[in-house]
Amino acid sequence: MIQNTLCFQVYNALKETPDAQLLSFYRSESIRFEALRTAIFNAVSILHANHIYPGKRVAVVCPATPEGVIGLLSVILSGATLVPLPSPEFGRQKQRSIERLRAITQDAHVDLVLGGPAYQRYFEQGEEQDSHINYLCISELMDDTVSFPYQMPAIGEDDIAVLQYTSGSTAHPKGVILTQSQVLSGCQAIQDSALFSSSDCYFSWLPLSHDMGLIAFLVGIICQSKMVLSTPAEFVKSPVRWLKAIKSYHATVYVGPNFSYQYMLDTVREKDAFEIDLSSIRVMLNGSEQVSAELIEQFQAYFSPMQLKPNVILPVYGMAEATLAVSFPKLDQSLNQVRSYEGRQIVSVGFPVSGMSIKVGKYLLTPEQDQLSPVDEIEISGPSVIRGYWRDGQIDLSSTYQDEYGRIWVKTGDLGFIDGGELYIVGRKKELLIVNGMNLFPEDVEAQIKLCDEVYRGRCIATNMLLNGKEQLFLLVEMRQPTMEKCIQLQARMNRIVEQLGFVDWVGGVCYANRLLRTPSGKFQRKKMAEEFAQGCFQDELFFVFGDELEVTE
């Protein structure tokens with residue numbers, strides 16, 4: 001049924017959105033939906049003329065610009081499969097970024113790449129196998145001298161709408177297969193859980209290439225909400241200025257990972273309070289990484305004098321494999337659902353969103369499930385949950401299974417428990433550290449390390465790694481202005497912490513501020529940094545290496 005496709009619902013929303021409504025870009029231009037609609041429909045006609053139809057795969061470099069939005073939505077309306085790509089990075093991450101983009105386009109077997117003229121050379125340079133990539137500048141789709149009528153493609157619910165690549169390693173990108181109906185179900189679940197409507201204004205810096213940024217944007221389009229799009233760089237450069245803009249735009253909805261709340265708390269000073277007014281905000285979704293109960297309480301208390309309403313911050317749980325939303329707490333629910341686990345305070349991430357089923361081990365999460373379940377792997381099933389991954393043109397079903405009722409379940413890799421009919425997340429299964437028979441997660445170790453004064457804004461990572469055939473604890477910390485003396489003092493403190501936690505062998509080092517690798521949503525890439533450290537690829541980023549005769553790198 002074509003009405004149950006993302007393509008149809010986006011078309012219908014664009015057609016119904018008032019002509020004068022604006023899609024705004026932070027500290028930049030705005031575009032009326034009348035002009036946006038015409039540009040997108042024209043772009044679809046040009047894509048169809050270039051034989052881009054259902055079954056074709058189109059990668060789109062998705063900056064928060066009118067061109068990026070037109071490229072993204074025109075691919076969706078063409079019926080082709082969208083492969084969202086982040087804008088290539090510059091500086092020290094440039095080569096790693098380019099290699100990852102090429103790896104994605106090769107794995108997805110894309111028929112076309114859309115982007116700006118500045119990015120074209122990144123896809124055309126390289127080895128011979130890259131030469132087949134067909135690149136088209138989005139500006140070539142934007143012919144405003146004519147107006148083409150839109151022709152709905154012949155498309156079905158099970159056609160692939162999006163190949164969403166997760167933040168894995170460069171060598172082995174993993175594409176999450178999202179069908180037309182799955183993306184639509186995921187958008188509907190968020191709309192129902194957060195009560196999104198046309199009266200909302202969604203203000204976001206999340207990349208449109210990231211699952212959280214993309215799906216939240218599509219929810220805004222389908223709900224005909226006002227939207228203001230920004231970039232991670234603009235948010236990181238001046239969160240104070242970004243927060244001040246909330247009043248100007250009358251923003252009502254914010255979606256961001258846990259680190260963004262910490263960043264705002266770290267950088268906003270009391271003197272800024274007179275210019276920040278958060279009274280328009282009705283909901284702030286905190287997800288994408290482990291949610292800190294203490295941080296939510298601190299954030300609420302600190303920003304209350306800036307008119308932040310109580311209970312607007314909602315800890316949520318989601319992933320690309322669920323087309324984002326898995327569980328939401330109830331709106332306006334006070335933060336009283338907190339449980340202690342292994343010395344950490346774990347906050348509830350609520351109840352299954354509409355249509356979602358959640359299991360923890362053998363326990364099914366239902367309102368009647370009021371007993372405490374053991375910690376086990378979380379599994380999910382529902383209309384928005386994927387059936388498999390895309391790997392170099394093949395569908396990988398290894399993370400899914402079918403139960404006796406024919407339902408498809410996905411193993412999330414996350415560990416958690418059920419208590420009082422609500423879900424609690426304790427960590428990633430693959431990052432579990434077992435020490436003397438005791439289970440520890442990176443967050444348990446990091447919570448102790450970040451208390452050291454030398455660690456810049458508490459930024460540190462912990463994970464396990466295999467080095468010289470032996471499993472060891474791996475620790476990296478950021479330091480604002482590292483010196484030999486401060487590094488040696490920090491190593492002594494960390495030695496005591498590690499010994500108290502029961503570890504014998506550990507390695508790692510000190511890097512400068514803002515050098516720890518993150519995903520586009522802000523999560524630290526623990527395994528990636530450990531892998532690069534073991535291969536000797538991360539050494540140039542380190543000022544000081546723990547142990548190893550106190551080696552220092554200049």
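This structure is a prediction, so every number in the text was calculated from the model and none was measured.
Contact of the Tyr317 side chain with the Ile378 side chain is registered, since non-hydrogen atoms from C-beta on lie closer than 4.5 Å. Looking at heavy atoms from C-beta onward, Met465 lies in side-chain contact with Val507 at the 4.5 angstrom threshold. Side-chain contact check for Asn258 versus Gln290: every heavy-atom pair is 4.5 Å or farther apart. Side-chain atoms of Ile461 and Pro442, non-hydrogen and from C-beta on, never get closer than 4.5 Å to each other. Counting heavy atoms from C-beta on, the side chains of Leu114 and Val58 come closer than 4.5 Å. The shortest side-chain heavy-atom distance between Phe524 and Arg459 falls under the 4.5 Å cut-off. Side-chain contact between Leu82 and Leu72 is present, with heavy atoms from C-beta onward closer than 4.5 Å. When side chains are defined from C-beta on, Tyr202 does not count as touching Lys226, because their heavy atoms never get closer than 4.5 Å.
A donor-acceptor pair under 3.5 Å is absent between the side-chain atoms of Ser230 and the main chain of Tyr26, judged by distance alone. A distance-only check finds no donor-acceptor pair linking the side chain of Gln525 to the backbone of Leu517 [under 3.5 Å]. Side chain of Asp211 to main chain of Ala320: a donor-acceptor pair is present (N/O by atom type, distance under 3.5 Å, no hydrogens or angles). Between the Glu321 side chain and the Thr412 main chain, no donor and acceptor come within less than 3.5 Å of each other. Side-chain atoms of Thr463 never come within 3.5 Å of backbone atoms of Lys527 as a donor-acceptor pair (strictly under, hydrogens ignored). Counting only distance, with no hydrogens or angles, the side chain of Asp107 and the backbone of Ile104 share no donor-acceptor pair below 3.5 Å. One N or O on the side chain of Glu478 and one on the backbone of Asn514 form a donor-acceptor pair closer than 3.5 Å. No donor-acceptor distance shorter than 3.5 angstrom exists from the side chain of Arg57 to the backbone of Val83, with no hydrogens or angles considered. Distance alone, capped at 3.5 Å, places no donor-acceptor pair between the Gln491 side chain and the Phe546 backbone. Distance alone, capped at 3.5 Å, places no donor-acceptor pair between the Ser327 side chain and the Gly350 backbone.
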Does the pair Leu308 and Met306 meet the rule for a side-chain contact (heavy atoms from CB on, under 4.5 Å), with working shown? CA-CA 6 Å; Leu308 181 67; Met306 299 171 224; 5.9 Å; no
Would Asp414 and Arg428 count as a salt bridge (charged side-chain N to carboxylate O under 4.0 Å, His left out) here? Give the steps. CA-CA 4 Å; Asp414 291 320; Arg428 293 287 292 167; 2.9 Å; yes
Please report the C-alpha distance between Met356 and Val385 in whole Å, then the side-chain angles of each, then the deciding distance to 0.1 Å, and finally whether the side-chain contact (heavy atoms from CB on, under 4.5 Å) criterion is met. CA-CA 8 Å; Met356 186 69 64; Val385 175; 3.7 Å; yes
Worked verdict on Phe543 versus Cys511 for side-chain contact (heavy atoms from CB on, under 4.5 Å): CA-CA 5 Å; Phe543 173 84; Cys511 57; over 6 Å; no
Test side-chain contact (heavy atoms from CB on, under 4.5 Å) on Leu163 and Ile177; report intermediate values, then the result. CA-CA 5 Å; Leu163 272 184; Ile177 300 173; 3.8 Å; yes
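Residue Ile276 holds its CD1 atom at 11.5 Å from CZ of Arg269, rounded to the nearest 0.5 Å. If you take CG on Leu501 and CG on Leu433, they are separated by 9.5 Å, rounding to the nearest 0.5 Å. The CD1 atom of Ile190 sits 11.5 Å away from the OG atom of Ser185 when rounded to the nearest 0.5 Å. Atom CE of Met494 sits about 14.0 Å away from atom CD of Gln489, to the nearest 0.5 Å. Summarising the geometry, atom CG belonging to Leu178 is positioned 9.0 Å from atom OG belonging to Ser384; distances are rounded to the nearest 0.5 Å. Note that the CD1 atom of Ile281 and the CD1 atom of Ile246 stand 4.5 Å from one another [nearest 0.5 Å].
In this structure, the side-chain contact (heavy atoms from CB on, under 4.5 Å) partners of Lys247, at least two apart in sequence or on a different chain, are Asp277. The side-chain contact (heavy atoms from CB on, under 4.5 Å) search around Pro86 returns Leu101, Ser209, not counting sequence neighbours.
Between Phe417 and Tyr424, the ring planes lie parallel to each other; the angle is under 30°, not in the 30° to 60° tilted range. Ring geometry for Tyr263 against Phe259 counts as tilted: the plane angle lies between 30° and 60°, on a 0 to 90° scale.
Side-chain atoms of Tyr254 and Ser260 include a donor-acceptor pair closer than 3.5 Å. Using a 3.5 Å distance cut-off with no hydrogens or angles, the side chains of Gln337 and Ser348 do not pair a donor with an acceptor. Gln262 and Asp266 form a side-chain donor-acceptor contact under 3.5 Å, judged by distance and modelled atom types alone. Judged purely by distance below 3.5 Å, without hydrogens or angles, the side chains of Glu234 and Thr231 pair a donor atom with an acceptor atom. Judged by distance alone, the side chains of Tyr456 and Gln481 never bring a donor and an acceptor atom under 3.5 Å apart. Side-chain atoms of Asn464 and Lys430 include no donor-acceptor pair closer than 3.5 Å.
Residues Leu214 and Leu208 share a closest heavy-atom pair of CB-O, 3.3 Å. Counting all heavy atoms, side chain and backbone alike, Cys201 lies closest to Val228 at SG-CG2, 4.0 Å. Nearest heavy-atom pair across Ala293 and Val347 is CB-CB, 3.9 Å. For the residue pair Tyr389 and Lys174, the shortest heavy atom distance occurs at CD2-CG, 3.4 Å. The shortest non-hydrogen separation linking Ala462 to Leu473 is CB-CD1, 4.5 Å. Of all non-hydrogen atoms in Leu206 and Pro257, the two that sit nearest each other are CD2-CD, 4.0 Å.
Ion pair Lys244/Glu275 flagged as a salt bridge, since at least one NZ, NE, NH1 or NH2 atom sits closer than 4.0 Å to an Asp/Glu carboxylate oxygen. Electrostatic pairing of Arg526 and Glu431 counts as a salt bridge here, judged by a charged N lying under 4.0 Å from a carboxylate O. The residues Asp200 and Arg282 are annotated as salt-bridged, a charged nitrogen and a carboxylate oxygen being separated by less than 4.0 angstrom. Using a 4.0 Å cut-off between charged nitrogen and carboxylate oxygen, Arg515 and Glu541 count as a salt-bridge pair. Ion pairing between a basic and an acidic side chain is recognised when a charged N comes within 4.0 Å of a carboxylate O; Glu294 and Lys450 show no such pairing. By the 4.0 Å N-to-carboxylate-O rule, Arg344 lies close enough to Asp444 to be salt-bridged with it.
For Glu270, the CD atom counts as loosely surrounded, since its 6.0 Å shell holds 12 or fewer non-hydrogen atoms of other residues, nucleotides or ligands. Within 6.0 Å of atom NZ in Lys429, 12 or fewer heavy atoms from other residues, nucleotides or ligands are found, so the atom counts as exposed in its surroundings.
The aromatic ring centroids of Phe474 and Trp506 lie 6.0 Å or more from each other. Ring-centre distance between Tyr261 and Phe303: not below the 6.0 Å cut-off. Aromatic rings of Tyr165 and Trp390 (six-membered ring for Trp) have centroids beyond the 6.0 Å cut-off, not under it.
Of the candidates Val110, Val60, Thr105, Thr105 is the only one forming a side-chain contact (heavy atoms from CB on, under 4.5 Å) with Leu85.
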